[in-house]
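Written out below as structure tokens is the structure these notes cover.
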2 protein chains.
Amino acid sequence: MLWGLRPVEPRAAYGLAVDLLRRQIHAGLLLPAEKLPAERQLSDRFGISRVTLREALRVLETDEYITVRRGAQGGAFVTDEDRLCELARRRMLRAPAKTMRVVEFLTVNQMAAARLACTRRGPAEMKRMREAVAMMHAARTAPHRKQAEALFLLALGDATQNPLLARAIEDGLAELFLPYDTPSTSKTGTVALGEFERLLAALNSEDVDEAEAAMADLHRLLWDAVRRMGKAAA
Amino acid sequence: MLWGLRPVEPRAAYGLAVDLLRRQIHAGLLLPAEKLPAERQLSDRFGISRVTLREALRVLETDEYITVRRGAQGGAFVTDEDRLCELARRRMLRAPAKTMRVVEFLTVNQMAAARLACTRRGPAEMKRMREAVAMMHAARTAPHRKQAEALFLLALGDATQNPLLARAIEDGLAELFLPYDTPSTSKTGTVALGEFERLLAALNSEDVDEAEAAMADLHRLLWDAVRRMGKAAA
DNA sequence: CTTCATGGATCAAAATCTATACCATTGGAT
DNA sequence: ATCCAATGGTATAGATTTTGATCCATGAAG
């Protein structure tokens, strides 16, 4: 008998480039209004021709993820913060339950990652996490905070030395496209920073239970934020 | 600043078909010596041309995942059981640690799935899981047992109503390519069947803790099997 | 020994991607 | 005011992949 031989969905190269860039924006790694590299450099990075890259940029421009300007100081720029928030809200309103599922998935895998990373983290990942926490301290805007948090969590995934787990976290973060304003607002943001520091310390001293507890608290904050956002939308 | 803009890796349609079929074999959904549908039907299922499908079959044939015979009653057949075991062993020897990581990933996500499915499972998924347990009872060979277990776990993933979690389980099972002989040998297989029934009952009565406990025991068995296999290889 | 479902082979057309070259725009330097 | 340099915009020819259609080859069943 045959079980679920679904149709194959070949993705064109330009579509993959769209996905990659969109994921970076969703995860917060690309900041609002940030300038992307020139087309010739980007196409090199992606290993695709400039013509193909431009197709990808056209799609992202149409979806209002980026704007493109010509001339000397021109280039492709991520949309401004307000626009991104609007996109995030719209996306969340289209499928409100989906956001919860993404958070749920992240909770499961990041809790496990916190435990596993304690005993497996290498010096490189520890450095990335320390730097991420430093970035959180320096960050004075919501997008910068979100970026630093994403960098920390990606490093945490790598620290587990488990590619599947790292990928799960990456996918989750890319899927979780939250508006900047609500999630880590002022006070919540400060509390979160404390928890990240606590987690970092636990990882440093290989305190598994403490790491898990810190991650649990972080996710309590995340759940609160998402719930508040859901109510605000309703 | 730019974070991890990796090269894009466009996959040809034939490569995706290869992956899909190989995953089905790894997960145990396709049985040893099982006959695949005729090329004209398979290409329809995949939504690709017959020429492209044949490229995929050629790759799988080269890797000895399938054998192709001509004439009436001919067709593409999954390799026989011994050959598959050999392939699985070879794969595990190439990267022994990797198997552990896959099991680790499955443990994390299936434990969560067992809990979540308790309160979310729909009648369709319950039916699939009941049927899977029935298949385990009827199964008189290791491949059939493995197939039924995979069907159960995939249904469990769907029962969480969380696409990311379901996909994680699917990916994990596809990645976990264990030889048939060692894992669920006679006694262990019987014990596992008992645990699956326990899990099914827990899901039926929405007993979250019991479901989690049953899944935990299942994974203890899995870990034991994998450890034994690792020692046997060494 | 015929039948016929099946794999094997070929070819032209369409879609996609690449490499290269050149044009157009714009802000800053001279 | 002019030029320069960096950037996006456009055009074209060729390579690769996929498709759809057609016909050939094989071999087990009747």
Side-chain angles (χ1 to χ4, degrees), chain A residues 1-2 5-22 25 30 33-80, chain B residues 1-2 5-22 25 30 33-80:
Chain A
M1 210 160 311
L2 275 189
L5 283 191
R6 297 159 300 187
V8 135
E9 293 171 9
R11 306 287 322 264
Y14 81 92
L16 296 179
V18 168
D19 282 355
L20 257 174
L21 287 170
R22 188 159 29 204
I25 294 176
L30 285 173
E34 181 169 358
K35 181 179 187 293
L36 298 182
E39 291 181 355
R40 292 167 174 84
Q41 296 168 43
L42 251 192
S43 60
D44 265 0
R45 289 264 210 138
F46 282 146
I48 61 182
S49 76
R50 196 174 148 224
V51 184
T52 304
L53 171 73
R54 295 183 94 264
E55 289 187 73
L57 294 182
R58 217 78 308 137
V59 173
L60 290 168
E61 195 180 19
T62 303
D63 287 351
E64 300 187 283
Y65 276 92
I66 63 173
T67 61
V68 179
R69 287 197 288 276
R70 300 205 275 186
Q73 302 302 311
F77 296 81
V78 178
T79 308
D80 62 279
Chain B
M1 210 164 311
L2 275 188
L5 284 190
R6 298 160 299 188
V8 135
E9 293 171 8
R11 306 285 323 263
Y14 81 92
L16 296 178
V18 169
D19 282 354
L20 256 175
L21 287 170
R22 188 159 30 205
I25 295 176
L30 284 174
E34 178 169 0
K35 181 179 187 294
L36 298 183
E39 289 182 355
R40 293 167 174 84
Q41 297 167 42
L42 250 193
S43 59
D44 264 1
R45 288 265 210 140
F46 282 148
I48 61 182
S49 77
R50 196 174 148 223
V51 185
T52 303
L53 172 73
R54 294 181 94 264
E55 289 187 73
L57 294 181
R58 217 77 308 139
V59 173
L60 290 167
E61 194 179 22
T62 303
D63 287 350
E64 298 188 285
Y65 276 94
I66 63 173
T67 62
V68 178
R69 288 197 286 276
R70 298 206 280 184
Q73 307 310 308
F77 296 81
V78 177
T79 308
D80 62 280

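A note on names: the letters A, B, ... follow the listed sequences, proteins ahead of strands, and every chain is numbered from 1.
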Requested in this report: Search all heavy atoms of A:R6 against all heavy atoms of B:L20 and return the closest pair with its distance.
Outcome: O-CD1, 3.5 Å
Query raised in the report: What does A:R69 touch in the nucleic acid at a heavy-atom separation under 4.0 angstrom: a base, only the sugar-phosphate, or nothing?
Result: sugar-phosphate
Query raised in the report: Expressed in angstrom and rounded to an integer, what is the separation of B:R70 atom CZ from D:dC24 atom C1'?
Result: 10 Å
**Report entry** DNA chain C: 5'-proximal contact among A:E55 and B:G75 (nearest heavy atom)
**Finding:** B:G75
Query raised in the report: Between C:dC17, D:dT17, D:dT26, which one does the side chain of B:A12 approach most closely?
Result: D:dT17
Query raised in the report: Below 4.0 angstrom, N of the basic side chain to O of the carboxylate: do B:R50 and B:D44 qualify?
Result: no
Requested in this report: Could you check whether B:R40 gets within reach of a base, just the sugar-phosphate, or nothing at all, counting any heavy atom under 4.0 Å?
Outcome: base
Query raised in the report: Picking from D:dT7, C:dA5, D:dG9, which would you name as closest to the side chain of A:A38?
Result: D:dT7
Requested in this report: Answer with base, sugar-phosphate or nothing: what part of the nucleic acid does A:V51 contact at a heavy-atom distance below 4.0 Å?
Outcome: base
**Report entry** Length of the CG-C1' vector between B:L36 and C:dT6, whole Å
**Finding:** 13 Å
Report task. Could you go through the side chain to side chain contact (heavy atoms under 4.5 Å, CB included) check for B:Y65 and B:R22 one step at a time? Result -> CA-CA 7 Å; B:Y65 276 94; B:R22 188 159 30 205; 3.5 Å; yes
Query - Rounded distance in Å - CZ (B:R50) to C1' (C:dA9) - result: 9 Å
Query raised in the report: Going by modelled atom types, is there a donor-acceptor pair between the base of D:dG9 and the side chain of A:R58 at under 3.5 Å?
Result: no
Query raised in the report: With a 4.0 Å cut-off on heavy atoms, is A:G15 in touch with a base, just the backbone sugar-phosphate, or nothing at all?
Result: nothing
Query raised in the report: Just how far, in rounded Å, is P of D:dA21 from CD of B:E39?
Result: 17 Å
Query raised in the report: Reckon A:L57 touches a base, only the sugar-phosphate, or nothing at all at heavy-atom distances under 4.0 Å?
Result: nothing
Query raised in the report: Hey, mind stepping through B:E61 and B:L57 against side chain to side chain contact (heavy atoms under 4.5 Å, CB included) and telling me if it holds?
Result: CA-CA 6 Å; B:E61 194 179 22; B:L57 294 181; 5.9 Å; no
Requested in this report: Would you please confirm or rule out a distance under 4.0 Å between OP1 or OP2 of D:dT19 and any side-chain N or O of B:T52?
Outcome: yes
Report summary line: In whole angstroms, the gap separating P of C:dA19 from CD1 of A:I48 amounts to 11 Å
**Report entry** Interatomic distance, B:R54 CZ vs C:dC11 C1' [rounded to whole Å]
**Finding:** 15 Å
**Report entry** Spacing between B:L53 atom CG and D:dG20 atom P, to the nearest angstrom
**Finding:** 13 Å
Report task. Choose from D:dA5, C:dG8, D:dT7 the nucleotide whose nearest atom is closest to any side-chain atom of A:Q41. Result -> D:dT7
Query - Spacing between B:Y14 atom OH and D:dT18 atom C1', to the nearest angstrom - result: 12 Å
Requested in this report: Please test A:E9 against B:L16 for side chain to side chain contact (heavy atoms under 4.5 Å, CB included), starting from the C-alpha separation and ending with a verdict.
Outcome: CA-CA 8 Å; A:E9 293 171 9; B:L16 296 178; 5.7 Å; no
